[in-house]
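Remarks on the structure that follows.
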Amino acid sequence: EVDWSELEFVDTPYIEGSLVWARMSGYPWWPAMVEEDPDDESYYETDNKQKPVRYHVVFFGEKVSRAWIPERSVRPFTAQDDVDHLGPLVIDGKNYKKRVRA
């Protein structure tokens, strides 16, 4: 029998496998998936109030890219999303808007 009084619960809008928009500093918003970090076997980090402050995500693209992203830089991904609300998708003169829409 499980002793539920010993467990800590975290209220989070994302679970492993959630599709999200995530943004790293210096890069545009990009489609990603919340996934467990293979090094520490967790997909979120919390503050002292058990509120998620960072999520581990894997970005979609040709190369596997993963990162811990601040909670404020993660948004839910929906099929109705229009990438125009994500701001400029240009890095070093390359426009990534078509790649993000694909």
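Computation of the quantities below employed the complete heavy-atom set of this structure, encompassing side-chain atoms and omitting hydrogens, waters and symmetry-equivalent molecules.
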I'd like to check [X] versus [Y] (side-chain heavy atoms, cut-off strictly below 4.5 Å). Are they in contact?
| X | Y | result |
| --- | --- | --- |
| Val10 | Pro52 | yes |
| Thr46 | Val53 | no |
| Phe77 | Pro31 | yes |

Self-check item: Nearest atoms (heavy-atom pairs only) where Val74 meets Tyr14
Solution: O-OH, 3.4 Å
Quiz item: Just by modelled atom types, is the Phe60 backbone N or O under 3.5 Å from a matching donor or acceptor in the Trp30 side chain?
Solution: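 Here the side-chain-to-backbone pair exists.
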Quiz prompt | Whether Asp37 side chain and Glu41 backbone form a donor-acceptor pair below 3.5 Å | solution =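 No; zero donor-acceptor contacts below 3.5 Å.
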Quiz item: For the atom pair CZ (Phe59) and OH (Tyr27), what is the distance rounded to the nearest 0.5 Å?
Solution: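 That separation rounds to 9.5 Å.
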Exercise. To the nearest 0.5 Å, tell me how far Ile69 CD1 sits from Met24 CE.
Key: 5.5 Å
Self-check item: Single-linkage hydrophobic cluster, 4.5 Å side-chain cutoff, Val57 and Ile15 together
Solution: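 Looking at the clustering, Ile15 is in the same group as Val57.
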Practice problem: Can you spot which of Arg66, Glu36, Met33 makes a side-chain contact (heavy atoms from CB on, under 4.5 Å) with His56? | Solution: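 Only one option passes, and that is Arg66.
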Exercise. Starting from the C-alpha separation in whole Å, work towards a yes-or-no answer on side-chain hydrogen bond (donor to acceptor under 3.5 Å, both in side chains) for Tyr55 and Ser18.
Key: CA-CA 11 Å; Tyr55 289 95; Ser18 292; over 6 Å; no
Quiz item: Passes salt bridge (charged side-chain N to carboxylate O under 4.0 Å, His left out), Glu71 versus Arg54? Steps please.
Solution: CA-CA 5 Å; Glu71 181 272 335; Arg54 293 193 326 158; over 6 Å; no
